[in-house]
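Please read all numbers here as calculations on a predicted model, not as lab measurements.
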Amino acid sequence: MSNTTRSALITGITGQDGAYLARLLLGKGYEVYGLAPRRSTDTSWRLRELGILDGVHMIDGDLADLSSLIRAMETSRADEVYNLGAQSFVGTSWQQPLLTADVDGTGAIRMLEAVRIVNREAHYYQASTSEMFGLIQADRQDENTPFYPRSPYGVAKVMAHWATVNYRESHGMHASSGILFNHESPLRGIEFVTRKVTHAVASIKLGKQKELRLGNIDSKRDWGFAGDYVEAMWLMTQQPSPDDYVVATGITVSVRDMCKLAFAHVGLNYEDYLVIDPKFMRPAEVDVLLGNPAKAKAKLGWTPHTPIEELVAMMVDADLRRLSA
Ligand code: NAP
Ligand code: GDD
C-alpha cells in the first residue's frame with residue numbers, strides 16, 4: 001500500500017449498503033477491508049453481483065466479539081471505519097430482542113472501543129436509522145426531532161446513536177452518525193417489503209407465483225436508492241468535524257402505492273394479486289416516516305438522485321432478469 005492510499009474497514013460488507021459502499025470506496029482508490037461473521041453458507045453474492053469480491057480484503061469477525069474487532073482494526077490499519085453490521089430486520093427484532101441489542105447496540109460500542117484502542121484518529125461512521133423516530137414527534141423528522149423507537153431494533157439503534165455522540169464528546173473522536181431513512185435497491189434482502197414486492201411482481205409476471213401476501217400496506221416510508229445513500233456516508237467521514245445528519249428524500253409513499261407502482265411497471269393491477277395476511281403485521285408499527293435532509297444538502301452537498309418510480313422499476317427489472325435466467 002502506498003503512503004497516500006487510504007484504508008477503510010466496513011462491518012456488514014456483505015449486506016446491501018456494505019456492497020455499494022465498498023464499490024464506491026474502491027472507485028475512489030481505497031484499500032477496502034470487510035468484516036464479516038462466519039456463516040455456514042456463502043454470503044458474498046452482493047459483492048459478486050457488483051463484480052468487486054476480488055477487490056476487497058475479507059476479515060472474519062463479529063460485532064459480538066471485541067477481540068475480532070481489535071484484530072480487524074490492526075489488520076486493516078483503517079483510516080475510516082463504517083459500522084454497518086447489524087441484525088437489520090425490524091420484524092425479527094421482536095423474536096430476537098437480546099441478540100439485536102447485543103449486535104446493533106452493544107456491538108457499536110465494541111466497535112467504538114476497538115477504534116479508540118487501536119487508532120482513535122480513525123474517522124468513524126455509525127449506521128443510525130429513521131426507525132429511531134418511530135412514533136414520530138414531528139411531521140418531518142430532522143436532526144433535532146426527539147426519538148421514540150417502536151421496536152427492539154429501534155431501541156438498540158438509539159443506544160448505538162448516543163454511544164457515537166458520546167465517544168465524540170468524551171474522547172474527541174471523529175465519530176459521525178448518519179440517520180438514514182429507508183433505502184432500497186436490487187441488492188435489498190428479500191424479507192424487506194420493497195424487495196418482497198418486486199420479487200413477487202417478477203415472479204407473478206413470469207407465471208411462477210399467484211399472489212403476494214403482505215401485512216400493513218397503509219404505513220408510509222421515505223424511500224431512496226441505496227447507491228445514493230452510501231455517498232452521504234462517505235461525505236460524513238470527509239468533513240473537518242464529526243456530526244449527525246438525516247439522509248432522506250423528503251417524500252413519503254405508502255406500501256400500497258409502492259405496490260401499485262411495481263405491478264403497473266409490468267402492466268398488472270396490484271389489487272388482483274394482493275392478499276392481506278395478519279402474520280406480517282407488527283406488534284407496534286411505525287406508521288409514517290418523512291425525513292428533512294436540509295442539513296445534509298447544505299453541509300455535505302448531498303442530494304438524492306433516484307425517484308421512487310425509477311427505483312421500483314430498477315428493482316422489478318433486476319428481479320425479472322434473475323428469475324428469467
Ligand atoms: P443488511 O443488508 O441486513 O446488512 C447487514 C450486514 O450486517 C450483513 O452483512 C450481515 O451479515 C452483517 N451482520 C449481521 N450480524 C452481524 C454481526 N453479529 N457481526 C458483524 N456483522 C453482522 O442491512 P443494510 O440494509 O445494508 O443496512 C446497513 C446498516 O444500515 C445496518 O446497520 C442497518 O441497520 C442500517 N440502516 C439501514 C437502512 C436501510 O433502509 N437499508 C436504513 C437505516 C439504517 P450476514 O448477512 O452474514 O448476517
Ligand atoms: N418486511 C415486510 N414484509 N414489511 C411489510 C410487509 C411484509 O410482508 N407488509 C407490510 N409491511 C410494512 C411494515 O409493517 C413496515 O411498515 C413497512 O412495510 C416497511 O417494512 P420493511 O421493508 O421491513 O422496513 P422497515 O421500515 O421496517 O425497516 C427498514 O428501514 C429502517 C429505516 O427506517 C430496515 O432497513 C431497517 O434496518 C432500517 O433501519
note = Under a side-chain separation threshold of 4.5 Å, the hydrophobic residues clustered together with Leu290 are none
inquiry  = If I compare all heavy atoms of Gln87 with all of Tyr153, which pair ends up nearest, and what's the gap?
reply    = O-CD1, 3.4 Å
Distance in Å, Met281 CE paired with Ile276 CD1, rounded so as to fall on 0.5 Å steps = 6.0 Å
ask   = Are the charged groups of Asp60 and Arg71 less than 4.0 angstrom apart, N to O?
value = no
message = I'd like to know if the side chain of Lys157 reaches the main chain of Ala127, judged simply by a donor and an acceptor atom lying under 3.5 Å from each other, with no hydrogens or angles considered.
response = yes
task = Applying side chain to side chain contact (heavy atoms under 4.5 Å, CB included), run through Arg116 and Leu112 and close with a yes or a no.
result = CA-CA 6 Å; Arg116 186 185 66 79; Leu112 284 159; over 6 Å; no
query = Can you check whether Tyr20 reaches Ser185 side chain to side chain, under 4.5 Å on heavy atoms?
reply = yes
ask   = Distance-only, no hydrogens or angles: does the Arg6 side chain make a donor-acceptor pair with backbone N or O of Tyr30 under 3.5 Å?
value = no
Just list the side-chain donor-acceptor pairs under 3.5 Å for residues 254-262, sequence neighbours left out, or say none.
unit_1, atom_1, unit_2, atom_2, d
Ser254, OG, Asp257, N, 3.0
Arg256, NH2, Asp218, OD1, 2.8

query = Looking just at side-chain N and O atoms, do Ser7 and Glu31 make a donor-acceptor pair shorter than 3.5 Å?
reply = no
message = Could you check whether Tyr167 and Tyr124 have their ring centres less than 6.0 Å apart?
response = no
query = Do the side chains of Thr106 and Met159 get nearer than 4.5 Å, heavy atoms only?
reply = yes
query = When you measure from the side chain of Gln239 to the backbone N and O of Leu235, does any donor-acceptor pair fall under 3.5 Å?
reply = yes
inquiry  = Looking at Gln209 and Gly207, would you say the former's side chain and the latter's main chain have a donor-acceptor pair under 3.5 Å?
reply    = no
query = Do the two ring centres, one from Tyr125 and one from Trp234, sit under 6.0 Å apart?
reply = no
Connected via hydrophobic side-chain network under 4.5 Å: Val81 and Val230 = no
request  = Applying salt bridge (charged side-chain N to carboxylate O under 4.0 Å, His left out), run through Asp62 and Arg38 and close with a yes or a no.
outcome  = CA-CA 8 Å; Asp62 197 300; Arg38 195 258 161 195; over 6 Å; no
key: Thr5 OG1 to Arg77 CZ distance, which is reported to the nearest 0.5 Å   = 11.5 Å
query = Can you tell me how far OG of Ser151 sits from CD of Glu131, rounded to the nearest 0.5 angstrom?
reply = 4.5 Å
query = Does any N or O in the side chain of Asn119 come within less than 3.5 Å of the main-chain N or O of Ala78, such that one atom is a donor and the other an acceptor?
reply = yes
ask   = So which heavy atom on Asn144 is nearest to which on Asp142, and how close?
value = N-OD1, 2.8 Å
task = Keeping the roles fixed (side chain from Arg168, backbone from Ala175), state whether a donor-acceptor pair exists under 3.5 Å.
result = yes
inquiry  = Tell me the closest heavy-atom pair linking Leu9 and Ala72, and the distance in Å.
reply    = CD2-CB, 4.0 Å
request  = Group every Ile, Leu, Val, Met, Phe, Trp and Tyr by side-chain heavy-atom contacts under 4.5 Å, then state whether Ile10 and Leu35 land in the same group.
outcome  = no
note = Nearest heavy-atom contact between Ala19 and Leu50 is O-CD1, 3.5 Å
remark   = Besides Ile136, the hydrophobic cluster formed by Ile, Leu, Val, Met, Phe, Trp and Tyr side chains linked at under 4.5 Å, directly or via other members, contains Met132, Phe133, Phe147, Val158, Trp162, Val165, Ile179, Phe181, Val246, Val286, Val288, Leu289
ask   = Relative to Phe280, does Lys196 satisfy both conditions: NZ or CZ under 6.0 angstrom from the six-membered ring centre, and within 45 degrees of the ring's axis?
value = yes
query = To the nearest 0.5 Å, what is the distance between CD1 (Ile109) and CD (Glu113)?
reply = 8.5 Å
query = Looking only at atom types and distance, does a side-chain atom of Asp79 sit under 3.5 Å from a main-chain N or O of Ala122, one as donor and one as acceptor?
reply = no
ask   = Looking at CZ of Arg221 and NE2 of His183, how far apart are the two atoms once the value is rounded to the nearest 0.5 Å?
value = 13.5 Å
ask   = Does any non-hydrogen side-chain atom of Pro186 lie less than 4.5 Å from one of Met314?
value = yes
key: Side-chain touch Glu49/Leu187, heavy atoms, less than 4.5 angstrom   = yes
query = Looking only at atom types and distance, does a side-chain atom of Asp277 sit under 3.5 Å from a main-chain N or O of Leu214, one as donor and one as acceptor?
reply = no
Remaining members of the apolar cluster that contains Leu135, side-chain heavy atoms under 4.5 Å = Tyr148
key: Pair Thr198-Asp319, side-chain donor/acceptor within less than 3.5 Å   = yes
key: Side-chain heavy-atom pair Met233, Leu84 within 4.5 angstrom cut-off   = yes
query = Does Ser68 use its side chain to pair, donor to acceptor, with the backbone of Gly61 at less than 3.5 Å?
reply = no
message = Ala294: which residues meet the side-chain contact (heavy atoms from CB on, under 4.5 Å) condition with it, sequence neighbours left out?
response = Asn292
key: Residues Thr100 and Asp104: side-chain donor-acceptor under 3.5 angstrom   = no
request  = Evaluate the side chain to side chain contact (heavy atoms under 4.5 Å, CB included) criterion for residues Glu231 and His305: first the C-alpha distance (whole Å), next the side-chain angles of each, then the deciding distance (0.1 Å), finally the verdict.
outcome  = CA-CA 11 Å; Glu231 288 173 13; His305 302 298; 4.1 Å; yes
task = Kindly indicate, with the supporting measurements, whether the criterion salt bridge (charged side-chain N to carboxylate O under 4.0 Å, His left out) is fulfilled by Asp102 and Arg110.
result = CA-CA 10 Å; Asp102 193 38; Arg110 288 192 197 94; 2.6 Å; yes
request  = Would you mind reporting whether Pro37 and Arg39 have side-chain heavy atoms less than 4.5 Å apart?
outcome  = yes
request  = Please tell me if the side chains of Thr252 and Trp223 come closer than 4.5 Å, counting only heavy atoms from C-beta onward.
outcome  = no
Geometric class of the His123/His174 ring pair [parallel <30°, tilted 30-60°, perpendicular >60°] = parallel
task = Group every Ile, Leu, Val, Met, Phe, Trp and Tyr by side-chain heavy-atom contacts under 4.5 Å, then state whether Leu63 and Val115 land in the same group.
result = yes
inquiry  = Let me check something: do Met315 and Ile308 share a hydrophobic cluster, defined by ILVMFWY side-chain heavy atoms less than 4.5 Å apart, either directly or through other members?
reply    = no
inquiry  = Could you tell me if His161 and Gln126 have a donor-acceptor pair between their side chains, going purely by distance under 3.5 Å?
reply    = no
ask   = How far apart are the closest heavy atoms of Lys295 and Asp244, and which atoms are they?
value = NZ-O, 2.8 Å
ask   = According to the ring pair (Phe, Tyr, Trp, His ring centres under 6.0 Å) rule, which pairs have a member within residues 74-94, sequence neighbours left out?
value = Phe89-Phe192
message = Restricting to non-hydrogen atoms, name the atom on Asp222 and the atom on Gly291 that form the minimum distance, rounded to 0.1 Å.
response = OD2-N, 2.9 Å
query = Could you give the distance from NE2 (His199) to CD1 (Ile204), rounded to the nearest 0.5 Å?
reply = 11.0 Å
ask   = Under the side chain to side chain contact (heavy atoms under 4.5 Å, CB included) criterion, do Leu320 and Val266 qualify, and how do the steps go?
value = CA-CA 10 Å; Leu320 278 170; Val266 295; 4.0 Å; yes
task = Would you sort out whether Glu74 and Ile117 count as a side chain to side chain contact (heavy atoms under 4.5 Å, CB included), showing the intermediate values?
result = CA-CA 10 Å; Glu74 289 169 345; Ile117 291 164; over 6 Å; no
inquiry  = What I'd like to find out is whether the side chain of Gln16 reaches to under 4.5 Å of the side chain of Arg188, using heavy atoms alone.
reply    = yes
